Amino acid sequence: MAEAIEVLSAAAALPFPLDERTEIDEGKRLQHRYLDLRRPRMQANLVNRSKVVATMRRTMDQLGFLEVETPTLIASTPEGARDFLVPSRLSPGEFYALPQSPQLFKQLLMIAGVERYYQVARCYRDEDFRADRQIEFTQLDFEGAFWGQEDVLAVLEQVMVAVVGEVRGVQLETPFRRLSYAEAMARYGTDKPDVRFAMELVNLDTVLAATGFTAFAGVLDDGGSVGGINAGALGLSRSGLDAQVERAKVLGAKGLVWMVVEPDGSLRSPVAKFLDETELVALATALRATPGDHLLLVADRPRVVATVLGQLRLDHGRPEGHDDLCPLFVTDFPVFEVEEDGSLVPAHHPFSAPVSVEAMRDTPETALAQAYDLVLNGVELGSGSVRIHDPQVQAAVFEVLGIDAETAQRRFGWFLEALRYGTPPHAGFAIGIDRLVSVLQDEPNIRQVMPFPKTQTGADPLTGSPSPVDPGQLDELGISIRSMVGSSEPAGE
RNA sequence: GGGGGCGUGGUGAAGUCUGGAGUUCACGCCGGCCUGUCAAGCCGGAGGUCGCGGGUUCAAAUCCCGUCGCUCCCGCCA
């Protein structure tokens with residue numbers, strides 16, 4: 001029983017309630033983040049994030065990894081994402097870049113004889129925000145010498161088992177499920193499938209090979225594909241079904257065919273009259289249709305069919321155990337991705353080893369890389385690869401990627417030289433800690449598990465960053481600001 | 001770069017479609033009362049540039065245009 005109370009520090013009326021019942025405007029929360037963080041849910045996020053990182057460090061330490069810090073003021077390597085630049089006072093007109101990842105430094109550490117490296121590393125990428133993306137974020141970065149893919153995946157499993165055991169108190173089953181990139185795309189329409197539920201994509205090309213329905217036949221004749229999913233008994237009205245068509249169009253399809261399975265097993269659909277009985281039966285069989293089910297069909301280029309059905313699958317699919325964690329390795333990524341216009345763009349950074357340099361050169365559209373992702377409940381937690389350790393292979397890969405020798409030498413010459421001094425074969429990975437914690441905490445966006453995140457426009461309402469600086473500071477750096485008002489494009493360019 | 005949603009006392013929402021007095025609900029705040037409380041209860045009160053600017057109209061929170069902020073998505077994220 002208290003005998004007296006003394007107020008050590010009075011509190012002014014709070015700008016918003018700290019209970020969990022009301023959702024406060026994000027800008028206001030960030031403006032008073034120190035209050036927002038008092039909320040029990042945010043406290044829990046802080047605590048479990050700390051536990052995740054502590055468990056990672058403990059596990060990596062136990063596995064014999066050496067934690068090594070790498071610089072955050074580095075040379076710009078203008079590949080991949082946009083760099084953040086930091087002007088140099090000592091070399092006016094020149095800039096450091098903030099690292100997009102410690103990639104090249106950890107490879108240098110392999111060369112340096114650090115056989116097992118890890119780091120909880122802050123990374124910076126000047127790209128647009130998403131619910132799962134911030135311009136600065138944190139990764140568990142690791143690399144091992146004399147390693148191949150299996151060594152990396154084994155460590156990933158140990159780290160994930162330890163982290164999930166610590167934070168969720170459940171034992172993840174190992175080995176984790178695996179899918180090749182091609183299989184993931186074919187069965188789930190995405191390279192980061194949520195495998196907590198099925199509703200898999202079904203290819204209907206064979207079933208409809210001889211169809212007289214011109215919308216399907218035309219697509220198939222042009223080398224396209226028809227696919228479908230059984231979205232289950234959604235109980236949608238006619239307008240609800242038509243909304244699915246609109247949804248498919250927003251996602252990039254030219255259209256969508258819906259079918260509803262009647263109690264007698266027949267298919268009700270606006271296009272049923274264009275399909276013969278054999279085809280309808282075969283469709284129902286292929287999609288394992290039972291009365292009440294809604295079948296959604298898309299005909300288009302294979303890539304469009306996959307992505308649209310993959311998204312519709314996420315729209316309608318419901319994990320049965322919503323609290324389950326289903327980690328998944330996606331392997332055998334292609335070296336290149338095919339753009340809409342048919343051009344090829346590298347799917348990874350240029351330091352990932354292709355399965356075969358020859359295949360990469362001769363059949364680039366099907367060539368595979370020794371690259372892999374870790375996916376958790378449909379969230380891409382990170383990626384890694386077996387790296388190139390042979391300077392000649394590295395040079396060849398630069399060439400195939402369209403980076404000519406002169407450019408490669410100018411940008412990466414120092415790295416190519418380093419590779420010459422007996423580089424061990426090596427491989428590694430980076431886990432996005434923010435995304436991992438947001439999944440573990442069942443948070444809808446990454447800001448909930450970052451103590452001081454930025455808004456979608458890259459601002460911090462609390463401290464007012466980014467902000468103008470004194471002219472004197474700019475003078476020291478040899479920088480003058482050109483007015484950006486009224487023109488997003490610099491004049492004369 | 002593009003598309004969608006949101007912006008209304010300190011907070012969250014309704015009102016906006018279909019223009020008609022800053023109206024309403026809950027929380028908070030201030031004052032009073034009551035109290036075996038645990039989302040306390042009762043009574044009273046204060047608190048507003050309906051994000052901002054312009055337009056249409058007799059009249060705008062409401063319709064139109066622009067702009068800012070927050071957010072979701074496409075592009076982008078090697």
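As the structure is a computational prediction, the values presented were derived from the model and not from experiment. We name chains A, B, ... by the order of the sequence lines, and we start the count at 1 in each one.
- A straight line from CD1 of A:Ile135 to C1' of B:C76 spans 14 Å, rounded to a whole angstrom.
- Using Watson-Crick or G-U wobble geometry with both donor-acceptor distances under 3.5 Å, B:G69 finds its partner in B:C6.
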TODO: Report the C-alpha separation of A:Leu179 and A:Phe329 in whole Å, then their side-chain angles, then the decisive distance to 0.1 Å, and conclude whether the side-chain contact (heavy atoms from CB on, under 4.5 Å) test is met.
DONE: CA-CA 6 Å; A:Leu179 286 174; A:Phe329 289 129; over 6 Å; no
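- Following rounding to the nearest Å, A:Leu30 (CG) and B:C70 (P) show an atom-to-atom distance of 9 Å.
- A 3.5 Å limit on both hydrogen-bonding distances identifies no Watson-Crick or G-U partner for B:G48.
- If you check B:C72, B:C77, B:U11 against the side chain of A:Gln456, the one that comes closest is B:C72.
- Checking A:Glu26 against A:Ser101, the closest nucleotide of RNA chain B that is more toward the 5' end is the one next to A:Glu26.
- Close to B:G4, at under 4.0 Å from its OP1 or OP2, lies no side-chain N or O of A:Arg247.
- Distance noted for atom P between B:C64 and B:U57: 16 Å (whole Å).
- Residue pairs that meet the side-chain hydrogen bond (donor to acceptor under 3.5 Å, both in side chains) test with at least one member in residues 244-257 of chain A, sequence neighbours left out, are A:Gln244-A:His316, A:Arg247-A:Asp315, A:Lys254-A:Asp300.
- Between the CZ atom of A:Phe129 and the P atom of B:C74 there is a distance of 16 Å, given to the nearest Å.
- Summarising the base pairing, B:C42 is matched to B:G32 through a Watson-Crick or G-U wobble pair whose two defining distances lie under 3.5 Å.
- Look at the P atom in both B:G19 and B:G10: the space between them is 29 Å, to the nearest Å.
- For the P atoms, the distance linking B:G75 with B:U16 amounts to 36 Å, nearest Å.
- Here B:U11 is the nucleotide among B:U11, B:C70, B:C73 with the atom lying nearest to any side-chain atom of A:Phe16.
- Per the geometry, CG belonging to A:Asp83 stands 18 Å off P belonging to B:C76, to the nearest Å.
- Rounded to whole Å, atom C1' of B:U11 lies 12 Å from atom CZ of A:Arg39.
- A cation-pi geometry, defined here as NZ or CZ lying under 6.0 Å from the six-membered ring centre and within 45° of its normal, holds between A:Arg116 and A:Phe65.
- Remark: A:Thr457 is not in phosphate contact with B:G69, judged by side-chain N or O atoms under 4.0 Å from OP1 or OP2.
- For the pair A:Arg313 and A:Phe197, the distance from NZ or CZ to the six-membered ring centre is under 6.0 Å and the angle to the ring normal is within 45 degrees.
- At the phosphate of B:C74, OP1 or OP2 sits under 4.0 Å from a side-chain N or O atom of A:Arg130.
- OP1 or OP2 of B:U71 lies within a sub-4.0 Å distance of a side-chain N or O belonging to A:Arg447.
- In this structure, the ring of A:Phe398 has its center less than 6.0 angstrom from the ring center of A:Phe412.
- B:G45 and B:C50 have their P atoms separated by 24 Å, with the value rounded to a whole Å.
- In this structure, the ring of A:Phe333 has its center less than 6.0 angstrom from the ring center of A:Tyr181.
- The interatomic distance linking A:Glu127 (CD) with B:C73 (P) rounds to 16 Å, in whole Å.
- Between A:Gln103 and A:Pro15, it is A:Pro15 whose nearest contact on RNA chain B lies nearer the 5' terminus.
- With hydrogens and angles ignored, no donor-acceptor pair closer than 3.5 Å exists between the side chain of A:Arg125 and the base of B:C77.
- Remark: P of B:A39 and CD of A:Glu20 are 15 Å apart, rounded to the nearest angstrom.
- Nearest heavy atom pair, residue A:Leu108 against residue A:Ala418, reads CD2-CB, 3.7 Å.
- Closest approach of A:Pro102 and A:Asp141 over heavy atoms only: CG-OD2, 3.4 Å.
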Tabulate protein N/O versus nucleotide N/O from nucleotides 12-16 of chain B, keeping only pairs under 3.5 Å, one per line.
| residue | atom | partner | partner atom | Å |
| --- | --- | --- | --- | --- |
| B:G12 | OP1 | A:Asp25 | N | 3.0 |

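- Residues A:Asp83 and A:Asp126 form no side-chain contact, since every pair of their non-hydrogen atoms from C-beta on lies 4.5 Å or further apart.
- Straight-line distance between the P atoms of B:U8 and B:A61: roughly 15 Å, to the nearest whole Å.
- Across B:G47 and B:G9, the matching C1' atoms stand 5 Å from one another, rounded to whole Å.
- Here, B:C17 and B:C27 have their C1' atoms 29 Å apart, quoted to the whole Å.
- Rounded to the nearest Å, the gap between the C1' atom of B:A21 and that of B:U62 is 15 Å.
- With a cut-off of 3.5 Å on both Watson-Crick or G-U wobble distances, the partner of B:A59 is given as none.
- In this structure, the CG atom of A:Asp132 is 15 Å from the P atom of B:C76, given to the nearest Å.
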